2 protein chains.
Amino acid sequence: MLKHLFNCEHTGRMSGDERREQILRAAVALFSQKGFKGTTTKEIASAVGISEAMVFRHFASKEELYRALLDAKVSGEDKPVFPWETCDDLKRAIEDKDDLAFFYNIALEAMKKHQEDVPFMRLMFYSALEDHSLAEQFFHEFVSRVYDFIGGYIAERQRDGAFREVDPKIAVRAFLGMMIHHSLNNLLWDKRRRLLDIPLETAAKNFAEIMVNGIRA
Amino acid sequence: MLKHLFNCEHTGRMSGDERREQILRAAVALFSQKGFKGTTTKEIASAVGISEAMVFRHFASKEELYRALLDAKVSGEDKPVFPWETCDDLKRAIEDKDDLAFFYNIALEAMKKHQEDVPFMRLMFYSALEDHSLAEQFFHEFVSRVYDFIGGYIAERQRDGAFREVDPKIAVRAFLGMMIHHSLNNLLWDKRRRLLDIPLETAAKNFAEIMVNGIRA
DNA sequence: GTCTATATGACGATAGAC
DNA sequence: GTCTATCGTCATATAGAC
């Protein structure tokens, strides 16, 4: 029944690594929905379609499974990519010193990512509340780079005389606040319960305008 | 040992209601730290200094205790108070149409509240993640009033020609985002782990300035 | 109202057969 | 690698004495 997921056709049986990945995928979905304590190893096992004992063959404990999963998400192959590494519009905005396009593209790319990987967002949020150390690691490796990048751009534009005197870190906090809070609202409440249901492009455009006007010289 | 907490001196014994409140207080602290699943009835009982059985005499189930606690927080005596009902500086700002003071006082009062009632904030976030219905109720009764209030002020100032054309709801979302995101950062990470550690007054001042400049005509 | 004692079941984790 | 069976522990909840 799960044959179509198998990668090891030559053996006709699931390889260790494949099974491991399969368990991790199921665990991500469940932990992100119900948190660490709210998820049982039995649920994870039956989501994969194997016995509970198999979970403990691949991971010594529930805790280790959780850490492996966070670790893979945070520093693994599908680790978060920074918008400025992939988004051509953003690169162009920086070259052109087009402030509006700069903030617009960052906001849009970030909120798109949030929307695409809701489980990851929920996982991070749960981790932060439950105070798992890997959430801290993530926020200090990833978020501090975001602060440096956006803050660096603001500082540069201040030297140009385009932006007024304001602590770049505080400006970044304000800007991230707009978009992260917006994503959080979208992610925690489904469409019919939203106080504000607008396309991401509209949100990004408005946030960028408020930001640029807000710190313009 | 807990005698100093007793309110019923004439009987020399804890009254039912007092005991109930005591259990609720302990439960708030624990649920807010570790979430619903992460907290045990045994912990709650020993935090109060009573046996587990007593918890179940006052509340039929753990679930009912949790709901009672959310209900009391959301609509009870210590329910959230709106800044514009108590803050004189804010009332004056509205009368004077002092936009900067308007946003500054809202931000400051709100973030002060967040800081004073961290357990409540954490409870709400846990509830939102765990999808407890009372969190929804809160956000639609309380938050929608905040949107109406701030959005109403913005709309009025747009009619005055002081603010540019922008969807007031989106402007409110942006402004709430700044301060809620800032509070969230303060609440999730202690001082030594913060990327940005500034007085609330500084944050409020900067957020208000960005907001007012951001939507000024 | 408060306790001790306990029922009942779920959970994480292990043993051992195949 | 996979299973069934099971262990020990802890959780929620109840019974019944004082």
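Keep in mind the model is a prediction, meaning the values are calculated, not measured. Protein chains get the first letters and strands the later ones, always in sequence-line order, with residue 1 at the start of each.
A donor-acceptor contact closer than 3.5 angstrom is absent between the side chains of Arg25(B) and Gln22(B).
Sorted by first and then second residue, the pairs that involve residues 29-41 of chain A and meet salt bridge (Lys or Arg N to Asp or Glu O under 4.0 Å), not counting sequence neighbours, are Lys34(A)-Glu43(A). Legend: ring-ring contact (aromatic ring centres under 6.0 Å, His included) pairs involving residues 21-46 of chain A, not counting sequence neighbours, sorted by first then second residue: Phe31(A)-Phe36(A), Phe31(A)-Tyr66(A), Phe36(A)-Tyr66(A), Phe36(A)-His132(A).
The salt bridge (Lys or Arg N to Asp or Glu O under 4.0 Å) test applied to Lys205(A) returns Glu209(A), not counting sequence neighbours.
Scanning residues 32-41 of chain A for heavy-atom distances under 4.0 Å to DNA chain D yields an empty list.
With Phe175(A) as the fixed residue, the ring-ring contact (aromatic ring centres under 6.0 Å, His included) test singles out one of Phe103(A), Tyr153(A), Tyr104(A), Phe207(A): Phe103(A). Results of the side-chain contact (heavy atoms from CB on, under 4.5 Å) test with Leu24(B) over Ile44(B), Val48(B), Leu69(B) single out Leu69(B) as the only residue that passes.
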Please tabulate, for the side chains in residues 135-145 of chain A, all donor-acceptor contacts under 3.5 angstrom to protein atoms that are two or more places apart in sequence or on a different chain.
| residue | atom | partner | partner atom | Å |
| --- | --- | --- | --- | --- |
| Glu136(A) | OE1 | Arg193(B) | NH1 | 2.7 |
| His140(A) | ND1 | Glu136(A) | O | 3.2 |
| His140(A) | NE2 | Arg193(B) | O | 2.6 |
| Ser144(A) | OG | His140(A) | O | 2.6 |

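Of the side-chain N and O atoms in Lys42(A), none sit less than 4.0 angstrom from OP1 or OP2 of dC11(C). Taking only side-chain nitrogens and oxygens, Arg19(A) comes nearer than 4.0 Å to OP1 or OP2 of dT2(D).
The Lys62(B) side chain lies nearest to dT12(D) when the options are dC3(C), dT12(D), dT2(D). Nearest to the side chain of His58(B), among dG1(C), dC3(C), dT4(D), sits dG1(C).
Annotation: the terminal axes of the helix from dG1(C)-dC18(D) to dC18(C)-dG1(D) meet at 10°, where each axis is the rotation carrying the C1' atoms of four end pairs onto the next four (5 pairs per end, rounded to 10°).
Here the closest non-hydrogen pair linking Arg122(B) and Ser32(B) is NE-O, 2.7 Å.
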